[in-house]
Amino acid sequence: MQKGRQLLEGKIALITGGGRGIGKSVALAFAREGADIVITARTDAQLNTVAEEIKSLGRTCIAVAADISVDKDVERVFKDAFDEFGRVDILVNNAGIAIDGAFAEISMKDWDRTINVNLRGAALCTKATLSDMLKRGEGVIINIASAAGLRGLPGNAAYSASKGGLIAMSHAVADELRGSGVRVNVICPGPIKTEMLMQSKLRDFLLKNKESLLPPEDIAGAALYLASDLSGGLNSQVITVRNTNRW
């Protein structure tokens, strides 16, 4: 890296779930390192606030409200991204939901919604940009899974299954792409101080060791590493960001 050069200078990054929490922190970290940004989430107000913060850093940002579990919404997000920038260099599949409830009690409607957002949504977004990345022979895909995908979280089997599936999908796709110039890696956060966690019925269980709670900026740091040349040829790997080994 040349002296003074930003880690993501000249790159275009698309972050799903970019209106708050981890997605917001990743978007801002990437912008500070020279990337122009596309953010998407379901809430316009949150997206617009983040977009203004990114623009205040001197970067270009477009915000597209969408539900990434819906095919047509994903098509619109990527059309807007390609119309504005011509490409996507870095995709961060971060959007996710968690519907708390014991497996015996959760409805299949909630199960399907969780899988559709957390797993199908990531697949849709990956497919929407992958052909262009392969054509150019370069690109980075970062999937934000969860420690729950490595060791199932009691009280949220659907979330655990969706994140475990995302890890397995990432490994399979990454190995298919080996040698193509496109890299796929995974970040598995532990408990992170976000609205989703603080509103969860499982909060007390997850925070029985309060020192385990990390800020979303810690995930942004890991994402920045994976998105940049610092991670070199790293592919098909899982980075776990937490400071304890168990719940």
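All of these numbers come straight from a predicted model, not from anything done at the bench.
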Measure across [X] and [Y] and return the closest heavy-atom pair with its distance rounded to 0.1 Å.
| X | Y | answer |
| --- | --- | --- |
| A63 | N48 | CB-OD1, 4.3 Å |
| P189 | I187 | CD-O, 3.3 Å |
| V88 | M133 | O-CE, 3.5 Å |
| A65 | D44 | CB-OD1, 3.3 Å |
| V117 | G96 | CG1-CA, 4.1 Å |
| F85 | D36 | CE2-CB, 3.8 Å |

NZ/NE/NH1/NH2 to OD/OE distance under 4.0 Å, [X] and [Y]:
| X | Y | answer |
| --- | --- | --- |
| D67 | R42 | no |
| K11 | E33 | no |
| D80 | R76 | no |
| D89 | R136 | yes |

Could you give me the CA-CA distance, side-chain angles and deciding distance for R183 and S231, then say whether side-chain hydrogen bond (donor to acceptor under 3.5 Å, both in side chains) is met?
-> CA-CA 10 Å; R183 299 188 291 124; S231 55; 3.0 Å; yes
Starting from [Y], can I reach [X] by hopping between I/L/V/M/F/W/Y residues whose side chains sit under 4.5 Å apart?
| X | Y | answer |
| --- | --- | --- |
| V238 | M169 | no |
| V173 | I167 | no |
| I68 | V184 | yes |
| V70 | I39 | no |
| V74 | I12 | yes |

List the steps, then state whether side-chain hydrogen bond (donor to acceptor under 3.5 Å, both in side chains) holds for R113 with S69.
-> CA-CA 8 Å; R113 176 64 180 157; S69 70; 3.0 Å; yes
Side chain to side chain donor-acceptor pair (under 3.5 Å) partner of N93, chosen from N143, T16, N118 = N143
